[in-house]
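Contents: one structure, followed by commentary.
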Number of protein chains: 2
Amino acid sequence: MTDAAAKAGSTTSIYIELRVVLFSLRDNRLFVLLTPADEQLFPGAWELPGCPFSSRESLEKNASQCIAPFTGQHEAYLEQLYSYGDSGRHPSLDLLSIVYFALLSADALSSGRPADVDVRWFPLDQLPPLAMKHGDFIEYALRRLRYKLEYSAVGFELLPEYFSLSELQHTYEVVLGEKLDKRNFRRRILQANVIEPTQQYRLGEGRPARLYRYRPDAVAEVKARRLFP
Amino acid sequence: MTDAAAKAGSTTSIYIELRVVLFSLRDNRLFVLLTPADEQLFPGAWELPGCPFSSRESLEKNASQCIAPFTGQHEAYLEQLYSYGDSGRHPSLDLLSIVYFALLSADALSSGRPADVDVRWFPLDQLPPLAMKHGDFIEYALRRLRYKLEYSAVGFELLPEYFSLSELQHTYEVVLGEKLDKRNFRRRILQANVIEPTQQYRLGEGRPARLYRYRPDAVAEVKARRLFP
DNA sequence: CCAAAAGTGTTCTATGTACACCCATGC
DNA sequence: GCATGGGTGTACATAGAACACTTTTGG
């Protein structure tokens, strides 16, 4: 492949961007971060935070910078989701959207939130109209999140450093959209040896809850090992 | 986002390409399709089949066209794998590689193979030197294939339309890299109701093997439902 | 003492795993 | 008749699911 080939190929008129589906948890609901879309092109619609692709950085760095204004100094968990190249999503541009999905821990949400950019957190069941098929992006990101929750430890990325077992269970229930059995849930999480108890307690109504912490040395994934079917 | 933003962004000097990791099975080994890389830039190295991105088509169509010369009229199974944006993979270009992985059924392999392009099938354990980190692409594609084999019916994509249960089992064994128990394997596959027996038999040494066929109405995926851990 | 949430074990069922012999064909 | 791969069932171990009551705190 030569530079001539490059010119013949695809270096013209394609707008390469990154988009991030940033999830966070609040009041036992899943939220996603959106910004208002261009009023002229998509009146009344919102869009995912994004930024143009810069080849000077890795894709992940690019994606991280898209959401840096909203995450403060907390590092969000980031993972590449999919690349969408379909034309027709924008009236005058050929878009190539490399989409990441990201998880922001609950304590990061409440801390630094700069109001100099117009952004809002929307609960997943009350999304506004979305431009450029970003609704599809979000739907797919949610599927991936649900899926990953079942065989990896991503769930902890949505929680603060210290959390009670009930908080952890609620996280799972909210993301998966179903109730889980308390005793079974606790037994499995504890047997997995991925969290460790601390000496702290969460006070509130009822009996105080012991707080746990994710073990940084934990094995974060289990093999599915199911052998279709 | 406006057209001005687009120009400020990333419409210059980035070469967008598709690459396909095309797997096929032969003599109970997994093979991947490669073409010789540019002799000047990467002497002695090979690369994955690829083509420049055209925004007139969907990404999947683009990818499909990369391998069309080698698949004949057979449709290969195609799935987006990952997008690699790291600079430094090419001495003079900023590459953005959208990588697909693909499976070609064994009967497609033996039929039409046009020799007007220089390509070769390499067994996975004897890969040549690879340009532009394509070795990483292949490694990741293999991981994804192994993973999918355990919860979906992709395995059948590597087989011809009619196959014996032993052939199916060998496919699984080769991809996963381990031996499976014959009786357990058969029980599970048959209970899953994804294949149906035909009246045909495969002759050879020993007792003839009944041939089966994948049921097009089969449910091709099972939920992992394992709930970490 | 009452409300509210935390914490705790056992039984049953389903799924996965280990394992050895007879069968049908070609030579 | 023998070599070769095809085909079959059972017993045991492990993992998942269902289920109800006691404990600790604040008001």
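Every chain is numbered from 1 and lettered A, B, ... according to where its sequence line falls, protein lines coming before strand lines. Here the structure is a predicted model, which is why all the values come from computation and not from measurement.
- Separating the CG atom of A:Asp181 from the C1' atom of C:dC12 is a distance of 14 Å, rounded to the nearest angstrom.
- If you take CD of B:Gln169 and C1' of D:dG5, they are 12 Å apart, rounded to a whole angstrom.
- A straight line from CZ of A:Phe185 to P of D:dA15 spans 19 Å, rounded to a whole angstrom.
- One can place NZ of A:Lys182 at 16 Å from P of D:dC19, the figure rounded to the nearest angstrom.
- For A:Arg202 and C:dA5, a side-chain-to-base donor-acceptor distance below 3.5 Å is absent, hydrogens and geometry of angles not being considered.
- Side chain of B:Arg183, nearest nucleotide from C:dA20, C:dT10, D:dT24: C:dA20.
- When ring centroids are compared, A:Tyr151 and B:Tyr151 stay outside the 6.0 Å threshold.
- Counting only heavy atoms from C-beta outward, the side chains of B:Gln199 and B:Arg210 approach each other to under 4.5 Å.
- When distances run from any side-chain atom of A:Arg188 to the nucleotides D:dG16, C:dT8, D:dT8, the shortest one goes to D:dG16.
- Residue B:Arg207 has its side chain nearest to D:dG6 when only D:dG6, C:dA18, C:dA6 are considered.
- Atom NE2 in B:His170 sits roughly 7 Å away from atom P in D:dG6 (whole-Å rounding).
- The phosphate of D:dG5 (OP1 or OP2) has no side-chain N or O of B:Ser166 nearer than 4.0 angstrom.
- Residue-to-nucleotide proximity on DNA chain C shows that, of B:Pro208 and A:Arg187, the 5′-proximal contact is made by A:Arg187.
- Separating the CZ atom of B:Phe163 from the P atom of D:dG6 is a distance of 14 Å, rounded to the nearest angstrom.
- Place B:Arg210 and B:Gly206 on DNA chain D by their nearest nucleotides, and B:Gly206 ends up nearer the 5' end.
- Under 4.0 angstrom from either OP1 or OP2 of C:dG7 there lies at least one side-chain N or O belonging to A:Arg186.
- The distance from atom CD of B:Gln191 to atom P of D:dG9 is 12 Å, rounded to the nearest whole Å.
- A side-chain N or O of A:Ser97 and one of A:Arg89 form a donor-acceptor pair less than 3.5 Å apart.
- Figure legend: B:Arg120 and B:Phe122 shown as a cation-pi pair, the cationic atom lying under 6.0 angstrom from the six-membered ring centre and within 45 degrees of its axis.
- B:Phe156 has its ring centre less than 6.0 Å from the ring centre of B:Phe163.
- The distance between atom NZ of B:Lys179 and atom C1' of C:dT17, rounded to the nearest whole Å, is 17 Å.
- A residue-by-residue look at B:Asn184 and A:Leu203 shows that B:Asn184 has its nearest nucleotide of DNA chain D further toward the 5' end.
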